[in-house]
There are 2 protein chains.
Amino acid sequence: MTQPMYRQVAEDLRRQIESGELPAGRQLPSQLNLQQRYSASRNTISDAIKWLTSVGLVETRPGQGTFVIAKVDPFVTILSADPGTGFGGGEGATYLSQVGEQHRSPSTGPVRVEIQDAPAEVAARLRVPNGTQVVVRHQERYIDGTPWSLQTSFYPMKFVTSGDADRLMMATEITEGTVLYLKKAVGLQQVGYRDWITARAPVQNEMSFFGLPHDGMVYVIFRTAFDQDGRPMRLTVTVFPIDRNQFIVNVGDVPEPQYGAGADEAGP
Amino acid sequence: MTQPMYRQVAEDLRRQIESGELPAGRQLPSQLNLQQRYSASRNTISDAIKWLTSVGLVETRPGQGTFVIAKVDPFVTILSADPGTGFGGGEGATYLSQVGEQHRSPSTGPVRVEIQDAPAEVAARLRVPNGTQVVVRHQERYIDGTPWSLQTSFYPMKFVTSGDADRLMMATEITEGTVLYLKKAVGLQQVGYRDWITARAPVQNEMSFFGLPHDGMVYVIFRTAFDQDGRPMRLTVTVFPIDRNQFIVNVGDVPEPQYGAGADEAGP
DNA sequence: GCAAATTTGTTCGTATGTATT
DNA sequence: CAATACATACGAACAAATTTG
């Protein structure tokens with residue numbers, strides 16, 4: 001069960017990284033150097049480094065070298081919320097206050113608004129007929145300047161056409177949050193939501209926005225919000241890079257988390 | 001911005017897979033065959049296939065060939081629960097009934113019990129001093145015969161030494177669930193829990209148990225359960241392969257999901 | 001059970017291209 | 001522009017796993 005040479009080299013480098021011999025951010029010796037040190041061809045060294053890249057331990061920059069990855073401090077989003085308010089983690093106003101609690105500085109890109117025929121998956125989750133028109137609101141979100149999430153919300157078009165929720169279609173932020181706005185504008189109250197947590201490989205635009213390698217992964221969270229009649233009133237799809245995000249769900253009576261201090265709040 | 005050859009080959013194969021020309025389960029032409037078809041060296045073909053493997057589209061079996069991956073029907077775990085009962089998704093009895101609802105057939109491996117000094121991370125989450133002894137209960141879980149999750153629960157040792165919860169230390173299943181058992185045995189009531197959702201690369205034993213490739217990923221969910229005094233009474237760490245698991249969190253008033261039928265229950 | 005054929009995995013040498021300093 | 005460092009590509013050879021005859 002002798003390992004191939006490239007794996008042996010990779011495991012040796014891995015050991016050095018995990019033991020701290022090669023600290024985060026440190027540049028690895030060049031491939032030419034490693035070639036001599038391990039008495040292997042440069043191709044084999046390159047394979048070893050490819051393997052380390054695929055497990056997320058190092059990052060190579062053409063023309064510069066290979067560097068040990070510095071793990072970013074993960075950002076934690078609370079998905080559950082006080083059912084009374086109907087607000088949830090990662091939404092509008094809540095997003096900003098949560099980020100503030102963790103001593104991070106949030107910012108958002110401009111809102112992009114489109115009118116579309118609902119794709120099959122969106123229509124199914126909103127429980128509207130296939131091809132129904134929906135208002136789509138996109139937004140990019142950053143924390144401490146780092147791209148953090150891509151959010152897309154879908155609202156049935158009838159809120160705009162048959163009601164007074166005109167601001168849904170304007171490409172400006174709704175600072176009080178769309179949950180509150182829809183309640184005031186058309187009397188729709190969000191009484192609950194379901195989050196569906198999945199993960200997959202990123203698509204092209206996600207890779208470039210988040211700066212992910214082709215073998216990175218993203219969480220995709222589908223939040224279906226329900227109104228007082230138990231009907232879906234909104235679908236929000238948020239994409240988070242897996243390497244810098246974690247989630248919390250509180251159920252029942254749970255003591256208050258204390259960010260950065262509480263004993264059970266330490267990241268894994 | 002012309003792509004390298006191995007990527008062009010990979011993209012062409014990807015197109016064939018995504019268009020259905022190469023359906024799930026179908027064997028790709030052999031590397032020798034593709035080498036001629038694309039007029040490239042076998043090394044380059046091999047690189048293209050490595051890339052497709054890393055994005056999870058194909059799987060190669062040495063000596064046999066390369067096959068288009070058949071996506072498994074994901075299993076969905078509900079993390080939130082009725083706060084009144086204190087039960088949550090994926091726990092003991094609840095796990096079995098949830099799986100039943102999805103027309104899947106669950107099974108579990110034998111329980112393994114150990115007494116350990118709590119590792120730093122466990123001690124922090126249980127809010128006990130470092131090195132405190134804990135009872136550790138491991139279990140492997142399957143659905144339809146496929147390895148589905150690895151669960152490890154940590155209980156403070158004092159439940160056994162100062163109370164009457166002897167069955168915690170026996171390597172047999174506690175069929176009514178440990179939540180109920182602890183309530184009856186030592187009067188500890190679980191009033192809530194916090195789930196901390198993270199993801200990472202699998203370690204060796206996870207890779208072999210789940211049959212994951214080296215660049216696969218797993219969810220790791222840390223569930224800290226709290227008693228009536230707001231103190232942690234249990235930490236359960238569950239590892240799920242990302243490719244066959246999804247999670248749901250319900251908050252507030254949410255209509256009942258109807259597995260396999262409801263419109264908003266369609267997987268992404 | 002064994003041998004041959006098929007298929008993927010690993011490794012080397014070598015050459016050339018591209019990005020960065 | 002030159003030097004350095006990684007990326008891609010080819011050809012060749014042998015190894016390992018599996019199926020087939």
Side-chain angles (χ1 to χ4, degrees), chain A residues 1-14 17 22 25-69 207-208 211-216, chain B residues 1-14 16-17 22 25-70 207-208 211-216:
Chain A
M1 135 87 212
T2 154
Q3 294 269 38
M5 172 100 18
Y6 80 99
R7 283 282 304 227
Q8 292 180 37
V9 174
E11 292 297 350
D12 190 58
L13 289 169
R14 162 182 233 163
I17 291 170
L22 288 169
R26 166 75 59 81
Q27 178 168 11
L28 260 59
S30 77
Q31 295 190 356
L32 229 70
N33 185 313
L34 292 171
Q35 172 182 353
Q36 301 177 315
R37 194 179 305 197
Y38 290 103
S39 311
S41 78
R42 201 170 78 79
N43 260 330
T44 300
I45 298 298
S46 176
D47 281 349
I49 288 177
K50 271 200 206 92
W51 191 85
L52 288 172
T53 303
S54 83
V55 297
L57 280 172
V58 304
E59 164 191 36
T60 80
R61 302 201 276 269
Q64 291 189 61
T66 303
F67 302 82
V68 179
I69 286 205
M207 279 174 46
S208 62
L212 293 174
H214 75 272
D215 56 350
Chain B
M1 147 79 218
T2 152
Q3 293 269 39
M5 172 113 350
Y6 79 99
R7 288 274 277 141
Q8 292 181 37
V9 173
E11 292 296 352
D12 189 60
L13 289 169
R14 162 182 233 162
Q16 291 182 50
I17 291 170
L22 288 169
R26 165 77 58 84
Q27 178 169 8
L28 260 60
S30 77
Q31 295 188 358
L32 232 73
N33 186 314
L34 292 171
Q35 174 180 199
Q36 300 177 316
R37 195 179 304 196
Y38 290 104
S39 309
S41 78
R42 196 171 76 85
N43 264 333
T44 300
I45 299 296
S46 176
D47 280 349
I49 289 177
K50 271 201 206 91
W51 190 86
L52 289 172
T53 302
S54 83
V55 296
L57 280 172
V58 304
E59 164 193 35
T60 79
R61 301 201 278 269
Q64 290 189 61
T66 303
F67 301 82
V68 179
I69 286 206
M207 279 174 48
S208 62
L212 294 174
H214 76 273
D215 55 349

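Each chain gets a letter, A, B and so on, in the order the sequences are listed, and its residues count up from 1. Bear in mind that the values here come from a model prediction, so they are computed numbers and not experimental data.
Proximity of a side-chain donor or acceptor of A/Gln27 to a complementary backbone N or O of A/Gln64 within less than 3.5 Å is detected. With hydrogens and angles ignored, the 3.5 Å screen pairs no side-chain donor or acceptor of B/Gln16 with any backbone N or O of B/Glu11. With hydrogens and angles disregarded, a donor-acceptor distance shorter than 3.5 Å links the side chain of A/Thr53 to the backbone of A/Ile49. In this structure a side-chain-to-backbone donor-acceptor pair under 3.5 Å is present from A/Gln8 to A/Gln3.
To the nearest 0.5 Å, atoms CH2 (A/Trp51) and CG (A/Leu57) are separated by 7.5 Å. The distance from atom CD1 of A/Ile17 to atom CG of A/Leu28, rounded to the nearest 0.5 Å, is 6.0 Å. Note: A/Ser39 OG to A/Leu34 CG = 11.5 Å, rounded to the nearest 0.5 Å.
At a threshold of 4.5 Å between non-hydrogen side-chain atoms, the residues B/Lys50 and B/Asp47 count as touching. In this structure the side chain of A/Arg26 never reaches within 4.5 angstrom of the side chain of A/Phe67, judged on heavy atoms.
The separation between A/Ile49 atom CD1 and D/dA5 atom P is 12 Å, rounded to whole Å. Atom-to-atom, CH2 of B/Trp51 to C1' of D/dT8 comes out at 16 Å; the value is rounded to the nearest Å. The interatomic distance linking A/Gln64 (CD) with D/dC6 (C1') rounds to 11 Å, in whole Å. Distance CZ (B/Arg7) to P (D/dA7): 14 Å, rounded to an integer number of Å. Distance CD (A/Gln27) to C1' (D/dA5): 9 Å, rounded to an integer number of Å. Distance B/Lys50 NZ to D/dT8 C1': 12 Å, rounded to the nearest Å.
Contact check of residues 54-61 of chain B against DNA chain D (heavy atom, cut-off under 4.0 Å) returns no residues at all. Within residues 29-45 of chain A, the residues that place at least one heavy atom under 4.0 Å from DNA chain D are, in residue-number order, A/Ser30, A/Gln31, A/Arg42, A/Asn43.
Taking 4.0 Å as the cutoff to heavy atoms of chain A, we find the contact window on DNA chain C bounded by C/dT10 to C/dT21.
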May I have the step-by-step check of side-chain hydrogen bond (donor to acceptor under 3.5 Å, both in side chains) for B/Arg42 and B/Gln31, ending in yes or no?
CA-CA 6 Å; B/Arg42 196 171 76 85; B/Gln31 295 188 358; 2.7 Å; yes
List the steps and the verdict of side-chain hydrogen bond (donor to acceptor under 3.5 Å, both in side chains) for A/Asp12 and A/Tyr38.
CA-CA 10 Å; A/Asp12 190 58; A/Tyr38 290 103; 2.5 Å; yes
